Amino acid sequence: MKFSIKPSEPSKLDADVLILYVWEDGLISYNQFPDSLNSVIKEAAEREDFKGREKQYLVISTRGLISSYKLLLCGIGKKEEYDISRLYQSLAQSVKKSEEYKPVKIAIAVHDDWLKLFEAKRCVQSIIETVRLSTYLFDKYKGDEEKKNRRPIEEVYIAVSPPKIAQAEEGVDAGTIIADAVCFARDLVNEPAEVTSPQYLADTAIDIAKNSDGQIKVKILEIEEMKKLGMNAFLGVAKGSHKPPKFIHLSYKPSRPAKKIILIGKGITFDTGGLSLKGSEHMETMKQDMAGGAAVLAIFSQITSLSVKAEVIGIIAACENMPGGNALKPGDILKAMNGKTIEVLNTDAEGRLTLADAISYASLKDKPDEIIDIATLCGACVVALGTDITGMWGNDEKLLGNIEKYARLSGEHIWRMPLFKDYMDLMKSSIADIKNVQMGRYGGAITGALFLSEFVEKIPWVHLDIAGPAYTEKDSPLIPHGGTGFGVRLLLEYIVSL
Ligand code: BES
Ligand code: ZN
Ligand code: ZN
């Protein structure tokens, strides 16, 4: 898909569909259009009661009155309520609507008011991201017949007022890099778990390092080294599968970095629940349980293109959670790398066990300034916040505030949750330091986060529980069915800001 910035008036662009955006009760008459076309628009708007409300569309055949074949007016609601997240939504909705007319070329006219609300770079970046993400397809396993009948959008013109062209071009570069990263994460999650084994994730990390001109280093720890380091919590989860676990460690170090941050992604390549076996309905989508790891790999796949100034380390403790003959049993006790003992009462709460060792390793060996983990950790988080919002916990006000800021900027939804220490009592074990599941049924996402906090040394830390937003079973304009790539945009924006 090719994107080009056009300083010319939208009326001169020869697209199959030209998209214009209209505020609720806003103007639908354009100086650059001939009066005859403005009259057609006016009449159609009256007949179809088009007022510019959100998700209202008006489609006009231009009959040669301007260069584009069709005109799509897209309602974007009230100006006072507009924000970045609405910008992403309205762009995605308009692209999806335009696809109904099978265009090969579309033109998007950047609303002049958008340039007052957001920076030009941000507007254009959002356009690139949205067009790429809303038209994303994972069809490598589909037959040729279906693929032959598709007519994808090949070219996108973006009409911007001339003084903003340079900034707009920067937006194209940033948007392309970020969209590439999100699609990279989506592809990894969408692949069947039989493909994305721990070995596959390790090979992906090795490839990323190989293609980085030496800017990224990778090390893969094997079982023997993990044993030496005392990663028994991670090893405990892994031993139910015949596929060997891989502890993936990526590092990117620019010259004189001001900060060292670690991104840890949960990397359960398939979560059956282990001996505490999941029901089939809950297991169906568990190839998604490495979505946090996929986000970390995706970030590293683009980190060198974004001139990131901080030192960034990526860690993924990758394994399967299977109920094999050697599997971990409820009642077993594991000693994590930081010396704490864990009574495992439910083998389906495995993510926290693998993360216990990943976080211990990060804290004790790499000694960073900040740790951010991203994990499909708890079904309870989905109960609390629904499928579209990520839960966030942490121990440092400044880091929490920053993550909120960049989430807002990237249009990804997160919500701060309490690290309520009193609930730690629910995790008390009579024979070990801590249990891996709580007593009782309520507040499960909080106790999940509290469990992880036991393995963080005195370092600013944030935990993102993406169990809801990592994967979707319904198509929405910005996110088609499957892996969503959640977190990639937010975390890339954050590390670029450092
Ligand atoms: N991978 C799951 C959490 C999950 C649920 C991710 C839904 C994505 C969508 C995790 O390993 C798990 O099974 N958690 C248990 C924890 C419980 C046993 C304390 C859960 O949520 O039921
Ligand atoms: Zn589980
Ligand atoms: Zn899991």
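This one's a predicted model, so the numbers in the text were calculated from it and none came from an experiment. Atoms within each ligand, like the ligands themselves, are counted from 1 in listed order. Side-chain atoms are counted along with the backbone in the values below, which use heavy atoms only and exclude waters and symmetry mates.
- Residue A467 approaches ligand 1 through these ligand atoms, each under 4.0 Å from one of its heavy atoms: 6 (C), 8 (C), 9 (C).
- By heavy-atom distance, the residue among D465, T347, T376, N321 lying nearest atom 6 (C) of ligand 1 is T376.
- Within a 6.0 Å sphere centred on NE2 of H481, heavy atoms belonging to other residues, nucleotides or ligands number more than 12.
- Checked by atom type and distance alone, the side chain of R489 pairs as donor or acceptor with a backbone atom of S410 at under 3.5 Å.
- At a heavy-atom distance under 4.0 Å, only side-chain atoms of Q288, from C-beta outward, approach ligand 1.
- Of the protein's heavy atoms, D289 OD1, 2.9 Å lies nearest to atom 1 (N) of ligand 1.
- Looking at H282 against ligand 1, nothing comes within 4.0 Å, counting heavy atoms.
- Of all N/O/S atoms in E350, OE1 sits nearest the Zn ion (ligand 2).
- The name of the N, O or S atom in D271 nearest to the Zn ion (ligand 2) is OD2.
- Residue contacts with ligand 1, taken as heavy atom pairs separated by less than 4.0 Å, involve K266 solely via side-chain atoms from C-beta onward.
- Surrounding CD of E119 are at most 12 heavy atoms belonging to other residues, nucleotides or ligands under 6.0 Å away.
- Nearest non-hydrogen protein atom to atom 2 (C) of ligand 1 is D271 OD2, 3.5 Å.
- Each of the following atoms of ligand 1 lies closer than 4.0 Å to a heavy atom of N346: 18 (C).
- Under the 3.5 Å distance criterion, the side-chain polar atoms of K219 are left unmatched by any main-chain donor or acceptor of H249.
- The heavy atom nearest to atom 10 (C) of ligand 1, out of those in V383, N436, L377, T447, is found in L377.
- If you check each of G273, A470, A380, G379 against atom 21 (O) of ligand 1, the one with the closest non-hydrogen atom is G379.
- Under 4.0 angstrom from ligand 1, the non-hydrogen atoms of C378 all belong to its backbone.
- Annotation for ligand 1: atoms under 4.0 Å from non-hydrogen atoms of E350 are 11 (O).
- Where the criterion is an N or O separation shorter than 3.5 Å, residue side chain and backbone included, R352 fails it with respect to ligand 1.
- Side-chain atoms of N190 do not come within 3.5 Å of backbone N or O of G482 as any donor-acceptor pair.
- In this structure, K140 does not pair ionically with D187, as no charged nitrogen and carboxylate oxygen lie closer than 4.0 Å.
- Within 6.0 Å of the CZ atom in R150, the count of heavy atoms belonging to other residues, nucleotides or ligands exceeds 12.
- Counting non-hydrogen atoms of other residues, nucleotides and ligands closer than 6.0 Å to CD of E281 gives a total of 12 or fewer.
- The cationic group of R186 lies under 6.0 Å from the six-membered ring centre of Y136 and within 45° of the ring axis, placing it in a cation-pi geometry.
- In terms of protein heavy-atom proximity, atom 7 (C) of ligand 1 is closest to M286 CE, 3.7 Å.
- In the displayed structure, K309 atom NZ is contacted under 6.0 Å by at most 12 heavy atoms of other residues, nucleotides or ligands.
- Of the N and O atoms on the side chains of Y200 and E194, not one donor lies less than 3.5 Å from an acceptor on the other residue.
- Checked options N321, T347, D348; the residue passing with S276 is T347 (criterion: side-chain hydrogen bond (donor to acceptor under 3.5 Å, both in side chains)).
- Distances from the Zn ion (ligand 3) show that L377 has no N/O/S atom below 2.8 Å.
- If you look at D348 next to ligand 1, the close heavy atoms, those under 4.0 Å, come from the backbone and the side chain alike.
- At the shortest separation from atom 19 (C) of ligand 1 among protein heavy atoms lies V437 CG1, 3.5 Å.
- Among the atoms of D289, no N, O or S atom is found under 2.8 Å from the Zn ion (ligand 2).
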